K.L.:
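There's a structure below that I have some questions on.
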Amino acid sequence: MAVSTCVALAACACGGPEKSEEDTSTAAKPSQSSESARPEEPSATPSASARTEKPSAEPTGDQPAPRTKEGAIKRYEQYLHAVGREDIDTVCEVAGPAAKQAEDQGFGPCTSTFIITFQMISPAQKKALRTATVDPQRVAVLAPDKVEIPTEAIRASVTFSESELGSSTLEYLKSNWYITD
């Protein structure tokens with residue numbers, strides 16, 4: 001039960017303010033490191049690694065996702081995999097709208113609250129989440145832009161109960177699927 005409660009609180013605590021802080025931090029870092037990075041850019045290794053890193057992170061948030069049940073499932077699987085990897089940025093980005101609601105109710109920012117959740121998930125559960133999939137037949141389409149993914153839809157090497165993971169509602173907002181409840 002404690003994990004699901006923490007997951008729910010953490011998912012709900014990922015808010016927009018975190019994005020603006022990250023944007024500010026990101027904006028400051030390139031300007032600070034651009035002077036030292038300029039001499040390194042001509043070498044092949046930094047350019048290749050920079051190109052490799054950016055496409056893996058940016059397409060999920062920058063490219064419009066399909067407004068379909070399959071698009072919602074893919075997005076939720078990205079979230080589950082991120083939880084398994086302890087990828088706080090992806091977790092907080094996907095759960096942003098739910099996080100804003102929780103933060104408005106007095107919970108802390110996602111980056112603080114989800115760290116607690118990561119500590120409560122066993123290594124076996126984390127490993128299972130990294131490759132978890134969602135059974136499309138168990139996903140309920142509530143509206144063209146809203147789906148419900150019950151815990152029973154999650155397929156992993158470890159079985160998760162409702163009290164451990166909980167069901168999630170995803171809505172299509174700003175050209176992508178987000179956890180809203």
Side-chain angles (χ1 to χ4, degrees), residues 4 6-27 29-30 50-105 107-115 117-118 121 126 129-156 160 165-181:
S4 71
C6 195
V7 169
L9 293 176
C12 293
C14 307
E18 291 299 311
K19 291 180 188 176
S20 63
E21 289 174 16
E22 290 172 11
D23 291 343
T24 304
S25 299
T26 305
K29 288 178 183 176
R51 288 181 190 151
T52 302
E53 290 173 12
K54 288 182 182 179
S56 65
E58 291 181 13
T60 59
D62 292 345
Q63 295 178 353
R67 190 177 178 171
T68 61
K69 178 168 84 169
E70 292 77 17
I73 290 170
K74 181 178 178 184
R75 180 75 157 167
Y76 191 67
E77 287 175 348
Q78 290 171 344
Y79 168 80
L80 293 173
H81 300 168
V83 172
R85 291 188 317 269
E86 298 186 21
D87 177 356
I88 195 77
D89 293 332
T90 300
V91 167
C92 291
E93 197 265 326
V94 175
K100 177 66 175 133
Q101 292 174 10
E103 196 163 346
D104 290 346
Q105 295 172 1
F107 294 99
C110 182
T111 53
S112 300
T113 56
F114 223 95
I115 296 299
T117 301
F118 292 155
I121 300 172
K126 288 177 190 174
L129 286 170
R130 288 182 210 130
T131 58
T133 59
V134 174
D135 180 354
Q137 294 180 358
R138 294 186 178 256
V139 175
V141 177
L142 307 175
D145 60 351
K146 189 173 186 177
V147 300
E148 177 77 17
I149 302 179
T151 306
E152 304 84 51
I154 299 168
R155 300 288 176 240
F160 290 92
L165 199 54
S167 298
S168 293
T169 301
L170 280 80
E171 292 185 61
Y172 194 80
L173 308 165
K174 299 179 183 178
S175 301
N176 213 335
W177 290 95
Y178 294 91
I179 298 172
T180 57
D181 190 26

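Everything numeric in this text was worked out from a predicted model, so none of it was measured.
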K.L.:
So, using ring-ring contact (aromatic ring centres under 6.0 Å, His included) as the criterion, who are the partners of Phe160 when residues are at least two apart?
P.N.:
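Expected list: none.
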K.L.:
Would you name the heavy atoms of Cys92 and Thr111 that are closest together and state the gap between them?
P.N.:
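Answer, listing the atom of Cys92 first, then Thr111: SG-N, 3.8 Å.
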K.L.:
In Å, rounded to the nearest 0.5 Å, how long is the span from CD1 of Ile73 to CZ of Arg138?
P.N.:
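Here the rounded value is 12.5 Å.
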K.L.:
The test is side-chain contact (heavy atoms from CB on, under 4.5 Å); show your working for Thr117 and Val83 and say whether it passes.
P.N.:
CA-CA 9 Å; Thr117 301; Val83 172; 5.5 Å; no
K.L.:
Report the distance from atom OG1 of Thr90 to atom CD of Gln78, rounding to the nearest 0.5 Å.
P.N.:
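Here the interatomic distance stands at 8.0 Å.
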K.L.:
Could you list the residues that satisfy salt bridge (Lys or Arg N to Asp or Glu O under 4.0 Å) with Lys126, not counting sequence neighbours?
P.N.:
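By the salt bridge (Lys or Arg N to Asp or Glu O under 4.0 Å) rule, Lys126 matches Glu86.
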K.L.:
Output the distance between atom NZ (Lys146) and atom CG (Asp181), rounded to the nearest 0.5 Å.
P.N.:
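Result: 7.5 Å between the selected atoms.
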K.L.:
Of all heavy-atom pairs between Val134 and Glu77, which one has the smallest distance, and what is that distance?
P.N.:
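Closest pair (atom of Val134, atom of Glu77, distance): N-OE2, 2.8 Å.
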K.L.:
Run the side-chain contact (heavy atoms from CB on, under 4.5 Å) check on Ile179 and Tyr76 step by step: do they pass?
P.N.:
CA-CA 8 Å; Ile179 298 172; Tyr76 191 67; 4.0 Å; yes
K.L.:
For residues Ala72 and Ile149, report the shortest heavy-atom separation together with the two atoms involved.
P.N.:
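Looking at all heavy atoms of both residues, the closest pair is O-CD1, 4.4 Å.
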K.L.:
Start with the C-alpha distance between Val91 and Tyr79, add both sets of side-chain angles, then the distance that settles side-chain contact (heavy atoms from CB on, under 4.5 Å), and finish with yes or no.
P.N.:
CA-CA 6 Å; Val91 167; Tyr79 168 80; 3.8 Å; yes
K.L.:
Give, for atom CD of Glu93 and atom CD1 of Ile88, the distance between the pair rounded to the nearest 0.5 Å.
P.N.:
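Reported value, rounded in 0.5 Å steps: 12.5 Å.
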K.L.:
I'd like to know whether NZ of Lys69 has more than 12 heavy-atom contacts from other residues, nucleotides or ligands below 6.0 angstrom.
P.N.:
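Yes, because the 6.0 Å sphere around NZ of Lys69 holds more than 12 heavy atoms from other groups.
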K.L.:
Which atoms form the tightest heavy-atom contact between Arg75 and Val94, and what is the distance?
P.N.:
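That would be CZ-CG2, 3.7 Å.
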K.L.:
I need the Thr133 OG1 to Lys74 NZ distance, nearest 0.5 Å.
P.N.:
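Those atoms lie 14.5 Å apart.
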K.L.:
Please collect all side-chain hydrogen bond (donor to acceptor under 3.5 Å, both in side chains) contacts where either partner lies in residues 147-156, sequence neighbours excluded, each pair once.
P.N.:
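For residues 147-156, and leaving out neighbouring residues, the side-chain hydrogen bond (donor to acceptor under 3.5 Å, both in side chains) pairs sorted by first residue read Asp135-Arg155, Glu148-Thr169, Thr151-Glu162.
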K.L.:
Rounded to the nearest 0.5 Å, what's the gap from CD1 on Ile154 to OG on Ser167? Could you check?
P.N.:
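Spacing of CD1 (Ile154) from OG (Ser167) equals 8.0 Å.
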K.L.:
Is it the case that the side chain of Trp177 and the backbone of Pro66 share a donor-acceptor pair, with hydrogens and angles ignored and the cut-off at 3.5 Å?
P.N.:
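Answer holds: yes.
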